[in-house]
Protein chains: 2
Amino acid sequence: MTAPERSLRADARRNREAVLDAAAELFAQRGDAVQMDEIAERAGLGVGTLYRHFVDKRALLAAIIGRRFEAITTLARAADEAQDPWVAFETLLYGYLESAEADAAFRFALLGPEEPSWNDIAAEKTDFSAITERIVRRAVDAGRLREDFRADDFVLITRGAMANMTGAGAWRRHVTLVLEGIRGPEL
Amino acid sequence: MTAPERSLRADARRNREAVLDAAAELFAQRGDAVQMDEIAERAGLGVGTLYRHFVDKRALLAAIIGRRFEAITTLARAADEAQDPWVAFETLLYGYLESAEADAAFRFALLGPEEPSWNDIAAEKTDFSAITERIVRRAVDAGRLREDFRADDFVLITRGAMANMTGAGAWRRHVTLVLEGIRGPEL
DNA sequence: CCTGAACCTGAACTCCGGTTCCGAATATAT
DNA sequence: ATATATTCGGAACCGGAGTTCAGGTTCAGG
């Protein structure tokens, strides 16, 4: 995880933070497309410094994504707190998607193939999955989700919504359709 | 459209065809990721020849995508022939998605942002949209699709499905969920 | 057949963005 | 205050992928 080892020189710690902040901002806006030089400039540092703190561009990206994943996990935990199973489900779903909407890097990680390099995140991911599973089960048991709904389907739905995050809030319409079903009144 | 102008030398026409075939095959498999040298090799030609026939990699890609778009338009026309509006709709939907599944380049064009360079295809696209619109209207009028269903929603659904074209036929599950709706029996 | 135009080849070139590296700058311990 | 280990800066480096171009080759018309 490129751990923030103990005992970094004061300036080093400060710079590390600056890098992380700059990267978070830029990656959130344009995902993988931002280049190292940009991040360095925005952080007011030289590129070399980025590489002192993160082996790779990938490692930096992973650090950022890791953060978002923690956030989302917290959010999921909160959602699970809701007494109403449907509220819990909707809270999770929309929370997840709104995060994705706000962060291109997050989307990048979620939509792309399973990079083995995201290993750092594996733990958080497992955590999140467990909570999702529980929330889904609750909603199913309460009859608010069709019986055969599985946690994997949550992934399907979110991927689908994320694919519609172009411009205006089209993805909300997509989710609405999914939630209500598109079949008409007859039959 | 990099039109196949009249009067190409015999070998030139033959080579052009070879390029197109090689490109179609490779682009279908790996989308934008294939490189010019690969295409040249597979076609048994030098890279220079590719550039004699297509200004750009983009132009070559566009040519390929144009083909698929013609095919899909034909398919749509056929679907519209069905007497049953729902059959027409389903035929269109699955035909479209199966094409997308079989062709990464097609997916690339459909999922990416509106490249102004795809201008070549604009005509076909308009055509296709018109047919889709008609098919959707028919299904709505027959009460098989919810009243407020719009042609734009077709795009939403297909984008969603395409985002789930990773590995096994997950996208079919996705479409099933969308079609049937995910809400359970209670309310 | 001969000849010129059209065409082909593929090594070389260009551009781009990640990564390296070492002298200069800075922090911390003594 | 000095010494020494860390850290920083950013020009230079490098590899990859698209694109070009100076010959050599092939077609087609006379």
Side-chain angles (χ1 to χ4, degrees), chain A residues 2-24 26-27 29-65 104-105 108-109 112 115 117-118, chain B residues 2-24 26-27 29-65 104-105 108-109 112 115 117-118:
Chain A
T2 318
E5 332 265 0
R6 205 81 321 256
S7 76
L8 275 181
R9 236 170 62 175
D11 57 343
R13 175 151 34 253
R14 204 179 324 126
N15 287 337
R16 175 176 235 280
E17 233 27 65
V19 170
L20 243 12
D21 287 350
L26 291 176
F27 280 145
Q29 269 174 226
R30 316 211 313 278
D32 188 40
V34 316
Q35 43 206 87
M36 296 302 264
D37 291 9
E38 293 184 74
I39 298 174
E41 183 175 29
R42 170 175 260 260
L45 300 166
V47 237
T49 306
L50 303 212
Y51 285 94
R52 162 159 291 274
H53 292 288
F54 303 90
V55 261
D56 251 354
K57 180 182 184 180
R58 184 156 293 241
L60 179 50
L61 227 195
I64 298 302
I65 292 172
F108 178 78
E115 290 290 335
S117 18
W118 295 161
Chain B
T2 317
E5 331 266 0
R6 206 78 327 247
S7 78
L8 275 183
R9 234 169 62 175
D11 58 340
R13 175 150 37 253
R14 203 180 324 128
N15 287 338
R16 176 176 236 279
E17 231 27 63
V19 170
L20 244 12
D21 287 350
L26 292 176
F27 280 144
Q29 269 174 225
R30 319 209 311 278
D32 188 40
V34 316
Q35 43 206 88
M36 294 304 262
D37 291 8
E38 294 184 74
I39 298 174
E41 184 175 30
R42 169 175 262 262
L45 299 167
V47 237
T49 305
L50 303 211
Y51 286 94
R52 162 162 289 275
H53 291 290
F54 303 91
V55 262
D56 250 356
K57 180 182 184 181
R58 184 154 294 240
L60 179 50
L61 228 195
I64 299 302
I65 292 171
F108 178 78
E115 291 290 337
S117 19
W118 294 161

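Reckoned from all heavy atoms, side chains included, excluding hydrogens, waters and symmetry mates. All of these numbers come straight from a predicted model, not from anything done at the bench. Note on naming: letters A, B, ... go to the chains in the order of the sequence lines (proteins, then strands), and numbering restarts at 1 for each one.
Comparing C:dC7, D:dT19, D:dT7 by their nearest atom to the side chain of B:R52 picks out C:dC7. The side chain of A:D37 sits closest to C:dT19 out of D:dC8, C:dT19, C:dA11.
In this structure, B:K57 and B:D32 have side chains that are in contact, with non-hydrogen atoms separated by less than 4.5 Å. A 4.5 Å side-chain heavy-atom check between A:R42 and A:D21 finds every atom pair outside the cut-off. Within the 4.5 Å cutoff, the side chain of A:I39 has heavy atoms near those of the A:F27 side chain. By the 4.5 Å heavy-atom criterion applied to side chains, A:L60 and A:L20 are counted as neighbours.
At whole-Å resolution of the value, CG in B:N15 and P in C:dA6 are 17 Å apart. Protein atom CG of B:L50 is 14 Å distant from nucleotide atom C1' of C:dC7, rounded to whole Å. If you measure from atom CD of A:E38 to atom C1' of C:dG18, you get 13 Å, rounded to the nearest angstrom. If you take NE2 of B:H53 and C1' of C:dC8, they are 9 Å apart, rounded to a whole angstrom. If you measure from atom CG of B:D32 to atom P of D:dA17, you get 12 Å, rounded to the nearest angstrom. Distance CD1 (A:I39) to P (D:dG10): 17 Å, rounded to an integer number of Å. The CZ-P distance, from B:R16 to C:dC8, rounds to 11 Å in whole Å. For the pair B:L60 CG and D:dT19 P, the interatomic distance rounds to 10 Å; values are reported in whole Å.
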Would you tabulate the pairs of protein nitrogen or oxygen atoms and nucleotide nitrogen or oxygen atoms of nucleotides 12-17 of chain C closer than 3.5 angstrom?
unit_1, atom_1, unit_2, atom_2, d
C:dG17, OP2, A:Q35, NE2, 3.4

Distances under 3.5 Å between nitrogen or oxygen atoms of protein and nucleotides 28-30 of chain C:
unit_1, atom_1, unit_2, atom_2, d
C:dT28, OP1, A:A10, N, 3.1

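Of the two residues near DNA chain D, B:D56 and B:R14, the one whose nearest nucleotide lies more 5' is B:D56.
Closest heavy-atom contact between B:R16 and B:L8: CD-CD1, 4.1 Å. Of all heavy-atom pairs between B:A40 and B:G46, the closest is CB-C, 3.9 Å. Minimum heavy-atom separation, B:R30 to B:A104: C-CB, 4.1 Å.
Pairing of D:dT2, defined by two Watson-Crick or G-U wobble distances under 3.5 Å, is identified with C:dA29.
Not one side-chain nitrogen or oxygen of B:Y51 sits closer than 4.0 Å to the OP1 or OP2 atom of D:dT20.
No option in B:R13, B:R14, B:R9 other than B:R9 meets the side chain to side chain donor-acceptor pair (under 3.5 Å) test with B:D11.
Distance alone, capped at 3.5 Å, places no donor-acceptor pair between the B:E41 side chain and the B:E38 backbone.
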